[in-house]
Amino acid sequence: MLRDFTLGPLMAALDRVEFDGRDEETVVEELVRTRGVFDSRDAPAHSGLVAWSVEAFRNYRAAWRTHQVAVTARCTRPVRSAWKVVHHRDVPDHRGVVRYEQTCWGRRYESDDGSVREMWLLGFTTPKERPSVVYAAAANVAAFGGSVSPDQVRQPDRVRVVVFGAMSPIAHQLPEWTAEQIRRRARDEVAPRLVAVVDGTERRAGRDCAQCPQTPGCAALPTVDLLPNLPAAHGRRQMLSVTDLRLYQSCPARYHLLRQLRIRDVEAIESQAIAVGRAVDTALRNRHVNGCRTHRCESGQPLDEAVNALPEESRRSAARMLDHHSTLCPFPDVEAHDSEQRNIVSVYDDRLDVVFIAAPDLLYPRSGGWVWRETKTSKRRLRRDRPLMRQVPQLALAVLLLASGSLGRDVARSRVEFEQLRSDGCVLEELDPGRPTVVTEAREVIGEMVGPLLVDTAFAPTPGRDCASCEVRRWCGPGSQHVAKQAGVPLHDR
């Protein structure tokens with residue numbers, strides 16, 4: 001089993017420097033040698049996460065040193081114990097609670113005299129902007145949070161919130177706040193949001209279900225035996241989409257780093273084919289939401305911003321694809337049940353302990369059943385020598401989800417549609433989720449993709465043609481070596 005907390009090795013390495021006084025290069029050597037296992041209780045990290053953590057560690061230390069030069073009142077003393085704002089009542093409130101605690105995850109520092117505190121918020125890529133209420137909540141914890149640390153001096157007069165992205169050596173500091181400014185923002189912004197969070201009881205199935213302890217038996221998440229052809233799994237609960245499964249088929253290491261650990265090289269170059277598909281998808285989504293529910297998409301419509309941003313040749317190709325869609329657009333001939341429109345479909349296979357999730361391009365009720373449409377852009381026509389669901393496994397998962405009956409309505413009146421858009425034409429294919437042979441084939445397709453993933457504990461890289469455009473190759477030695485070999489360039493010269 002591999003470590004699944006992305007920032008774990010980085011935080012442990014920073015602790016070695018800040019609290020144990022270790023030399024930075026010594027810490028890096030230990031991080032690599034132990035695969036991030038500074039504590040014997042931890043699972044080892046994937047080699048890609050180790051490489052990423054080394055880069056993130058060096059970026060953090062560079063950002064921290066640069067920050068110290070830029071500020072006047074330096075916060076050079078790290079604080080080990082979490083700051084907590086505690087609200088205690090003598091009698092239980094209407095929720096039956098007498099104690100509330102508010103804290104914030106990050107790195108904590110204070111000045112020698114305790115008059116200034118800093119809360120560093122960490123992210124995976126570059127310093128990204130968060131909602132203002134997040135900064136207000138972090139500042140509130142830093143300003144008024146107590147600590148069991150024996151070196152705590154006093155409540156601070158000023159607080160800084162600093163945003164760090166692991167792939168940047170420069171951190172972003174927000175303007176300093178006084179205690180009074182923070183108190184006011186906590187009252188006006190943070191308190192209403194916290195009340196809404198504590199009082200919230202709505203169940204909403206989605207991407208967080210895999211980590212939720214309430215998933216088994218959740219009323220908002222249908223429980224199904226989606227793949228009875230697979231043996232029961234005994235591991236950590238997972239959330240899987242077809243994108244996850246295709247990435248795993250491409251390279252298990254790529255899937256683990258990109259989808260499970262959520263790390264990505266923001267400098268990786270996206271292929272034009274993917275860029276065109278993304279732009280067309282965005283344009284269709286905007287049109288379907290904003291206009292053509294009352295009239296059919298028409299050719300020659302003004303191009304969307306996402307399409308206009310493409311290079312000229314790609315823009316022309318995307319425009320032709322959008323024109324072709326006008327002949328296949330189902331609107332306005334669909335039932336006007338906006339309340340039943342769905343963007344995300346989730347089910348829980350309790351036997352496999354997997355949350356399956358899908359995002360249909362269109363899913364709408366019709367004639368007592370559902371119509372599930374997947375739209376894909378392509379340069380090539382469909383292959384007639386290979387089954388459609390093996391070419392587009394999203395269709396196989398759609399068949400299984402509809403056939404399970406978890407969406408309600410009549411399966412016999414439902415269908416799965418595949419719309420392929422090319423610059424030189426288009427095609428619309430249909431699949432019947434009510435036919436046993438179609439369901440059997442769908443189970444074979446998805447089962448063959450899911451089975452190996454559920455028993456994999458190493459996620460070893462499998463170098464190949466996908467390495468050239470891989471979003472995590474930067475931290476993958478075998479992938480980098482493969483690309484260098486293909487280019488005829490010695491790795492040490494790159």
Side-chain angles (χ1 to χ4, degrees), residues 1-6 9 32 35-36 43-55 124 167 210 227 229-231 233-236 238-271 273-274 277 352 354 356-357 376 378 380 383 386-387 389-394 396-397 444-494:
M1 188 67 68
L2 294 172
R3 187 148 192 191
D4 58 0
F5 177 34
T6 306
V32 174
R35 293 177 62 190
H46 191 280
S47 59
L49 177 58
V50 171
W52 182 89
S53 300
V54 169
E55 184 175 346
F124 292 170
M167 294 298 101
L227 296 171
N229 51 322
L230 291 184
H234 304 282
R236 181 170 55 90
Q238 299 195 54
M239 185 276 289
L240 293 176
S241 67
V242 171
T243 299
D244 296 317
L245 298 174
R246 297 194 74 157
L247 282 171
Y248 180 83
Q249 282 191 324
S250 166
C251 173
R254 185 185 185 191
Y255 160 73
H256 175 66
L257 297 175
L258 187 64
R259 302 296 284 190
Q260 291 190 319
L261 299 181
R262 306 292 180 184
I263 65 178
R264 173 189 296 270
D265 183 1
V266 294
E267 298 178 359
I269 300 175
E270 184 178 66
S271 71
I274 293 177
L352 299 180
V354 172
F356 287 96
I357 189 167
K376 303 295 178 186
S378 177
R380 302 177 181 85
R383 291 177 54 178
R386 192 179 183 205
M389 284 189 284
R390 291 193 177 276
Q391 297 181 66
V392 189
Q394 286 89 342
L397 183 56
E444 291 175 355
V445 171
I446 300 300
E448 290 170 9
M449 301 175 80
V450 171
L453 187 153
L454 293 184
V455 298
D456 196 341
T457 59
F459 299 102
T462 53
R465 64 180 184 180
D466 291 334
C467 290
S469 59
C470 179
E471 307 90 336
V472 294
R473 190 186 76 232
R474 179 171 174 171
W475 307 289
C476 178
S480 297
Q481 292 168 7
H482 175 80
V483 171
K485 182 178 179 181
Q486 295 298 110
V489 178
L491 189 62
H492 58 78
D493 291 340
R494 298 181 69 248

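What you see is a predicted model, and the numbers here were worked out from it, not measured in a lab. The first residue in the sequence is number 1, and the count goes up from there.
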Between M239 and R259, is the side chain to side chain contact (heavy atoms under 4.5 Å, CB included) condition met? List the steps.
CA-CA 10 Å; M239 185 276 289; R259 302 296 284 190; 5.6 Å; no
Test item: Q391 side-chain N/O and R386 main-chain N/O as donor-acceptor pair under 3.5 Å:
yes
Can you tell me how far the CZ atom of R474 sits from the CD atom of E55, to the nearest 0.5 Å?
4.0 Å
Spatial distance of atom CD1 (I263) from atom NE2 (H256) [nearest 0.5 Å]
8.0 Å
I need the L240 CG to I357 CD1 distance, nearest 0.5 Å.
10.5 Å
Closest approach of L230 and G447, non-hydrogen atoms and distance?
CD2-O, 3.7 Å
Within the distance-only criterion (no hydrogens, no angle test), does the side chain of R473 pair as donor or acceptor with the backbone N or O of C467 below 3.5 angstrom?
yes
Measure up the W475 and W52 rings against each other and bin them: parallel (under 30°), tilted (30 to 60°), perpendicular (over 60°).
perpendicular
What is the minimum heavy-atom distance between H482 and R465, and which atoms define it?
NE2-N, 4.2 Å
If we only count heavy atoms from C-beta on, is the P461 to P478 side-chain gap below 4.5 Å?
yes
Specify the closest pair of heavy atoms between V450 and F356, including all atoms of both residues, with the distance to one decimal.
CG2-CE2, 4.0 Å
Would you check if E448 and Q249 make a side-chain contact, meaning some heavy-atom pair closer than 4.5 Å?
no
Restricting to non-hydrogen atoms, name the atom on T457 and the atom on M1 that form the minimum distance, rounded to 0.1 Å.
CB-N, 4.1 Å
Would you sort out whether L257 and H46 count as a side chain to side chain contact (heavy atoms under 4.5 Å, CB included), showing the intermediate values?
CA-CA 8 Å; L257 297 175; H46 191 280; 4.1 Å; yes
Polar contact flag, side-chain donor to acceptor under 3.5 angstrom, D456-Y248
yes
Identify the two heavy atoms, one from F124 and one from T6, that lie closest to each other, and give their separation to 0.1 Å.
CZ-CB, 3.7 Å
Does some side-chain heavy atom of Q238 sit less than 4.5 Å from a side-chain heavy atom of L454?
yes
Please name the residue in the list L245, L258, D466 that meets the side chain to side chain contact (heavy atoms under 4.5 Å, CB included) test with S250.
D466
Looking at R380, I'd like to know if its CZ atom is crowded, meaning that more than 12 non-hydrogen atoms belonging to other residues, nucleotides or ligands lie closer than 6.0 Å.
no
Any idea which heavy atoms bring L2 and R35 closest together, and the distance?
CD2-NH2, 3.5 Å
Side chains of Q394 and R246 in contact at under 4.5 Å (non-hydrogen atoms):
yes
Enter the distance from L453:CG to F459:CZ here, rounded to the nearest 0.5 Å.
5.5 Å
Output the distance between atom CD (E471) and atom CG (L247), rounded to the nearest 0.5 Å.
6.5 Å
